Every structure is written in C-alpha cells, then in structure tokens.
Peer 1: 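There's a structure below that I have some questions on.
Atoms within each ligand, like the ligands themselves, are counted from 1 in listed order. Keep in mind it's a predicted model, so treat the numbers as computed, not measured.
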Amino acid sequence: MVRHFLDIHRLEPADLRSILDDAHARKAARKGWPQGRADTDAPARDRVLAMIFEKNSTRTRFSFDAAIRQLGGAAIIANAGDMQLGRGEPVEDTARVLSRMVDAVMIRANSHEDVERFAQASTVPVINGLTDRSHPCQILADIVTIEEQLGPIAGKTLAWIGDGNNVCHSFIHAAPLLGFHLNVACPADYHPDLRDLARGGHAVTLTSDPRDAVRGAEVVITDTWVSMGDSDYEARLAAFEHYSVDQALMDLADPAAIFLHCLPAHRGEEVTDAVIDGPRSVVWDEAENRIHAQKAVLAWCFADA
Ligand code: CP
Ligand code: NVA
C-alpha cells in the first residue's frame, strides 16, 4: 500500500504518534547543524520529491525543500499554472506521469477533491500541502511546537479563535486521535464544516464566544480571517470583528498559555502586535517546526516503499 498523507483523520493513531516522535527526535539530533547537512540516516537518499503549487506559499515551499534535502533527497518545484495542469491536463494523467518520474508528490491545491483524485491515480506517496479543506502538515508542526513548550499534548485544552477553516479542520481531526480537547470559537456563518466537526466528536466544543473558548486553555490559536480563495473580504472583516486575539483575551487563558498562528499573520485583524510579538507567542518556532514535522512525514511515506 502506498502511504499517502492526505488528512490527519486517515492515519492510525500509532502512526500519527510515531510521526510526531520522529519529528522531535530529528530536530534534537541536528541541533546546531547547518541547514543543508543531511541527517545521519538520510532516509530519502536517492529520492526525488515533486512539489506542485496552485496557491501562494512561503513556509510550505521552503520547509519542504529544506526537509527533503535534510533527508538526503532532492526536490522539483513547479507552480501549477506553469504546468499543463494549468491548461486543463487531467489531474489523473499528471499523477500517472509524475509517478514515473519522482518518488513522492506534495500538492497545494485549491480543491481538496483534486488532491484525492491525484492520490487515487498516483503510484507514489502524495502529501497534502494545503487545500480549501485541510492543512495537515501545518498542525503537525503546531503539535510539535506545543509539546516542546508544554509536554505531551494528551489532556491539554486548545482554543481555536476565528474562522472554522482548513487549519481548524485539521486540528479537529487530530483532537480525538491524540486525546486533547479543542474549543472552537467562530461566528455562526463561519463555523467548521459539519463533516469535519463530526470527526472531532466529544473532543471538540463549538461556541460563538472567544472568551468561553480560551478560559482554561493552555494554547490559543488563530489564523487569517480571509484564506486564499475566499472572496468575501468585507463581510468577513465585519463578521470577525470581535474575534481578534488581543492581550485581554490571552489574559483569560491559562497563565502559562502559548499563542500559535500558522502565518502569514494580519496584525491588527486576527491578532494584535502585542500578542504575536509578545512573550507567549511561539510562532517562529512553529514556522521552523514545519521542516522537522514534514521530514517525519516524508520518512514515514518512504518507509513503506
Ligand atoms: N503556514 C503556511 O502554510 O504558510 P505558507 O502559505 O507560506 O506555505
Ligand atoms: N487558512 C489559510 C492558511 C494559510 C497557510 C489559507 O488557506 O489561506
């Protein structure tokens, strides 16, 4: 069986835990090393990763490129608009062709269904690098960051404030698998997809009041109010007016609570300068951890090959 990494809820809990443990171990083992030096075991030696981007990216693009190099492999990066995909070549045909040329494919796509179709036709592992529906690589890095700061995530309470979006969905998927609780505070019109909420079960509590969500939370998380592909900018700004993570909101959380944001951030909208640049913010560790988490994902995908 080809090991695709499409969504957190499709993993066995033991696989998810082993990916997270590997990320922690790989990070610790190369402390102080230059970024281009390969890990001692180099599990992607002789392997090539293709990366396809239908949407903009800074962190995902650079962290996956750094990750495959640190595993001993190489990357080929393309914007979908420069490929025949952009002129209507079917997703399935692209997957069949790339399966003959590379050892794994990472895709950032507008439509989640396109990534599913790509994986169906691919004979090499396919990794979801963000879709309209989910962002599983991001929340792996977030959980690595939380565990570095606070210890094992099981039993912790996390608060998601703002849009019930792709990143929120992936946190929902992870909650029952890892045994943490997720309070989600969002306006009624911007709640998470009901299918995704159902996957969270009793591990997720939905509210419209950010203050209810953060009380007792050890982790406070937010994201942009306007994701790539969203068009209703003005309506969103109005709907999310009371969902900004500011100091007053952080003060209602656990006294040792940390702040996460997947970035890019919009200071003055979903988060204030004082919070994102303040002592509880771990957003730069979170961004770095994209490399370590994705190395563990790639190593897991290749382990079955
Ligand atoms: N957080 C994240 O995925 O960032 P990019 O859009 O820059 O890749
Ligand atoms: N929710 C955001 C995440 C960006 C990394 C988006 O999809 O644009």
Peer 1: Using a 3.5 Å distance criterion without hydrogens, assess whether the side chain of Tyr243 forms a donor-acceptor pair with backbone atoms of Ser208.
Peer 2: yes

Peer 1: State, without any angle test, whether Gln35 and Gln70 hold a side-chain donor-acceptor pair at a distance under 3.5 Å.
Peer 2: yes

Peer 1: Could you tell me whether the side chains of His261 and Glu270 share a donor-acceptor contact shorter than 3.5 Å?
Peer 2: yes

Peer 1: Just list the N/O pairs, ligand 1 to protein, that are under 3.5 Å apart, with the distance for each.
Peer 2:
residue  : atom  : partner : partner atom : Å
ligand 1 : 1 (N) : Gln138  : OE1          : 2.9
ligand 1 : 1 (N) : Cys262  : O            : 3.0
ligand 1 : 1 (N) : Leu263  : O            : 3.0
ligand 1 : 1 (N) : Arg290  : NH1          : 3.4
ligand 1 : 3 (O) : Thr60   : OG1          : 3.1
ligand 1 : 3 (O) : Arg108  : NH2          : 3.0
ligand 1 : 3 (O) : His135  : NE2          : 2.9
ligand 1 : 3 (O) : Arg290  : NH1          : 3.1
ligand 1 : 4 (O) : Arg59   : NE           : 2.9
ligand 1 : 6 (O) : Arg108  : NH1          : 2.8
ligand 1 : 7 (O) : Thr58   : N            : 2.7
ligand 1 : 7 (O) : Arg59   : N            : 2.8
ligand 1 : 7 (O) : Arg59   : NE           : 3.1
ligand 1 : 7 (O) : Arg59   : NH2          : 3.1
ligand 1 : 8 (O) : Ser57   : OG           : 2.7
ligand 1 : 8 (O) : Arg59   : N            : 3.4
ligand 1 : 8 (O) : Thr60   : N            : 2.8
ligand 1 : 8 (O) : Thr60   : OG1          : 2.7
ligand 1 : 8 (O) : Arg108  : NH1          : 3.4
ligand 1 : 8 (O) : Arg108  : NH2          : 3.3

Peer 1: If we only consider heavy atoms of Leu263, is any one of them less than 4.0 Å away from an atom in ligand 2?
Peer 2: yes

Peer 1: Quick one: nearest non-hydrogen protein atom to atom 4 (C) of ligand 2, plus distance?
Peer 2: Leu130 CD1, 3.9 Å

Peer 1: Is there side-chain contact between Asp65 and Met51, with at least one heavy-atom pair below 4.5 Å?
Peer 2: yes

Peer 1: Show the nearest heavy-atom pair for residues Ala213 and Ala217, with the distance to one decimal.
Peer 2: O-CB, 4.0 Å

Peer 1: Would you say Arg30 and Asp39 make side-chain contact, with heavy atoms under 4.5 Å?
Peer 2: yes

Peer 1: Can you find an N or O of His135 that's nearer than 3.5 Å to an N or O of ligand 2?
Peer 2: no

Peer 1: If I take atom CG from residue Asp193 and atom OG from residue Ser134, how far apart are they, to the nearest 0.5 angstrom?
Peer 2: 11.0 Å

Peer 1: Is there a polar contact, in the sense of an N or O pair closer than 3.5 Å, between Asp223 and ligand 2?
Peer 2: yes

Peer 1: Please say whether Asn166 places an N or O atom under 3.5 Å from an N or O atom belonging to ligand 2.
Peer 2: yes

Peer 1: Return yes if some donor-acceptor pair links the side-chain N/O of Ser281 with the main-chain N/O of Asp277 below 3.5 Å, else return no.
Peer 2: no

Peer 1: Return the closest protein heavy atom for atom 8 (O) of ligand 2 as residue, atom name and distance.
Peer 2: Met228 N, 2.8 Å

Peer 1: Indicate, with yes or no, if Ile8 and Val115 share a hydrophobic cluster defined by side-chain heavy-atom contacts under 4.5 Å among Ile, Leu, Val, Met, Phe, Trp and Tyr.
Peer 2: no

